[in-house]
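So the structure is just underneath, and the comments pick up after that.
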Protein chains: 2
Amino acid sequence: MTEPRWLTPEQLCAWKKLIAVVELLPGTLESQLQRDSGLSHFEYFTLAMLSEAPDRTLRMTSLAAQTNATLARLSHVVTRLEKRGLVRREACAEDRRATNAILTPAGWTTVEAAAPGHVGTVLATVIDPLTATDVADLDRVMGRILEVLDPSHVMVGASSTDD
Amino acid sequence: MTEPRWLTPEQLCAWKKLIAVVELLPGTLESQLQRDSGLSHFEYFTLAMLSEAPDRTLRMTSLAAQTNATLARLSHVVTRLEKRGLVRREACAEDRRATNAILTPAGWTTVEAAAPGHVGTVLATVIDPLTATDVADLDRVMGRILEVLDPSHVMVGASSTDD
DNA sequence: CTACAGTAGTTGTAGCAACAACCAATCGAG
DNA sequence: CTCGATTGGTTGTTGCTACAACTACTGTAG
């Protein structure tokens, strides 16, 4: 019987706010993208990852890793994106088990069109209310939490254009 | 044609980390609760809100507000919780359109049993990696973001025992 | 060269959430 | 008091995600 630890009032307060953000933020991003571009956030993120990749091409497995999805989930989503003509599949020459997902020109156009609105929402809801100090603190604190949630840093790594 | 604004490198970096946390944290909480208590995070949160309410009773509408759910979603969930005997419904005397959701003794036992494990996960994944300064910064930054996401402070308000 | 383990991906199914349509009770204006 | 609008809640449908089973290919050990 270990005494169950509890949170201090300050920790509880911070925790409640974090959980509120975690609950509310996805919905906000989701509805903006759905309304303005007809994409779910996951679809947008998938297309964005492809758009940054060399040749706009990625193996299913590594695309799944970058989007933090199971292969099964990604497969279903790529099927839907393929039906809409935003992505196409291609058998991989080197390893015939593998499949490459490739962003089509229509897909590229779609991400390019969706990005400004999405970025605008991010700015409005998260960045603009923060000072430069806040942003630095956010970066540091989230970094610490990610050390636990994502120790192998699958979901990080810098880039330039999207998200 | 307004020049689309973009994020600075520092902002982008912080943003990516926040989005990673937002993606990863729910899954972590979800699986711990599911594994140890057979509850989804939403179910746990619903029961927790009821357990803190006067008489462990809440109108469907205000419970929906506190859990950030639509009435439709809450209705389905309460139906499932009712079938498991954790919650019961009762017609409201004052307003006969309204329904009260009430935590049963079995429901109370369930939350009490689930809470330590849940809190342990919160401590391990979010609180323990942070210093006291980090916690204060987290509180401040999330507070600023919530001003935008939840201006009417529906999802805040202090309390003692849960979550 | 075959047998077996591991890797890459797809597909079927079950459960939950979003949306919309719906019913019932209440409120408010004339 | 009664007709329309609003509020409170439930139910049916659709779409997406998780999980599990399955196919197909690769590589390696005997």
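Letters A, B, ... are given to chains in the order of the sequence lines, protein chains preceding strands, and every chain is numbered from 1.
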Gap between atoms [atom1] and [atom2], on [X] and [N] respectively (whole Å):
{"X": "B/Leu58", "N": "D/dG8", "atom1": "CG", "atom2": "C1'", "value": "15 Å"}
{"X": "A/Glu23", "N": "C/dA18", "atom1": "CD", "atom2": "P", "value": "10 Å"}
{"X": "B/Leu63", "N": "D/dG8", "atom1": "CG", "atom2": "P", "value": "14 Å"}
{"X": "A/Arg80", "N": "D/dT14", "atom1": "CZ", "atom2": "P", "value": "16 Å"}
{"X": "A/Lys83", "N": "D/dC16", "atom1": "NZ", "atom2": "P", "value": "10 Å"}
{"X": "B/Glu94", "N": "D/dG9", "atom1": "CD", "atom2": "C1'", "value": "17 Å"}
{"X": "B/Phe42", "N": "C/dA17", "atom1": "CZ", "atom2": "P", "value": "7 Å"}
{"X": "B/Glu30", "N": "C/dC16", "atom1": "CD", "atom2": "C1'", "value": "11 Å"}

From the list [options], which nucleotide is the closest neighbour of the side chain of [X]?
{"X": "B/Ala98", "options": "C/dA17, D/dG9, C/dT11", "result": "D/dG9"}
{"X": "B/Arg89", "options": "D/dT10, C/dA8, D/dG8", "result": "D/dT10"}
{"X": "A/Met60", "options": "C/dA17, C/dT10, D/dC16", "result": "C/dT10"}
{"X": "B/Ser75", "options": "D/dT11, D/dC16, D/dC25", "result": "D/dT11"}

Taking the inter-plane angle between the rings of A/Trp15 and B/His118 on a 0 to 90° scale, is it parallel (under 30°), tilted (30 to 60°) or perpendicular (over 60°)?
->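 Taking B/His118 first and then A/Trp15, their aromatic rings stand perpendicular (interplane angle over 60°).
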
Counting any heavy atom closer than 4.0 Å, what does B/Thr99 reach on the DNA or RNA strands: base, sugar-phosphate only, or nothing?
-> sugar-phosphate

If you look at every strand shown and take non-hydrogen atoms under 4.0 Å, does B/Ala72 touch a base, only sugar-phosphate, or nothing?
->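 B/Ala72: base contact, heavy atoms under 4.0 Å.
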
Can A/Arg59 and A/Glu94 be counted as an ion pair, charged N to O under 4.0 angstrom?
->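 Between A/Glu94 and A/Arg59 there is no salt bridge, as every charged N stays at least 4.0 Å from the carboxylate O atoms.
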
[X] side chain vs [Y] backbone, donor-acceptor pair below 3.5 Å:
{"X": "B/Glu82", "Y": "B/Arg89", "result": "yes"}
{"X": "B/Ser62", "Y": "B/Leu58", "result": "no"}
{"X": "B/Ser75", "Y": "B/Leu71", "result": "no"}

Would you say the side chain of A/His76 and the base of C/dG12 hold a donor-acceptor pair, judged only by whether the two atoms sit under 3.5 Å apart?
->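 Yes, the side chain and the base share a sub-3.5 Å donor-acceptor pair.
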
Heavy-atom donor-acceptor pair, A/Arg73 side-chain to D/dT17 base, under 3.5 Å = no

What do the steps show when you test B/Leu7 against A/Val119 for side chain to side chain contact (heavy atoms under 4.5 Å, CB included), and what is the final call?
-> CA-CA 8 Å; B/Leu7 284 77; A/Val119 172; 3.3 Å; yes

Hey, any chance B/Leu33 and A/Val148 share a hydrophobic cluster, counting ILVMFWY side chains that come within less than 4.5 Å of each other, even indirectly?
-> no

In one Ile/Leu/Val/Met/Phe/Trp/Tyr side-chain cluster, 4.5 Å: B/Ile102, B/Met60 =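 No: no chain of side-chain contacts under 4.5 Å links B/Ile102 to B/Met60.
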
Tabulate protein N/O versus nucleotide N/O from nucleotides 3-5 of chain C, keeping only pairs under 3.5 Å, one per line.
none

Residue whose closest nucleotide on DNA chain C lies nearer the 5' end, B/Arg96 versus A/Ser62 = A/Ser62

Working for side chain to side chain contact (heavy atoms under 4.5 Å, CB included), residues B/Thr46 and B/Met49 | CA-CA 5 Å; B/Thr46 303; B/Met49 289 304 107; 6.0 Å; no

Pairing string of DNA chain C (Watson-Crick or G-U wobble, both atom distances under 3.5 Å; | = paired to other strand) is ||||||||||||||||||||||||||||||

When you match B/Asn100 and A/Val77 each to their closest nucleotide on DNA chain D, which lands nearer the 5' end?
->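 Taking each residue's closest nucleotide, the earlier one in sequence belongs to B/Asn100.
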
Could you tell me whether the phosphate oxygens of D/dT6, OP1 or OP2, come under 4.0 Å of any side-chain nitrogen or oxygen in B/Arg97?
->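 No, no such contact exists.
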
Check the pair B/Leu138, B/Asp134 against side chain to side chain contact (heavy atoms under 4.5 Å, CB included), reporting the backbone distance first and the verdict last.
-> CA-CA 6 Å; B/Leu138 179 63; B/Asp134 290 337; over 6 Å; no

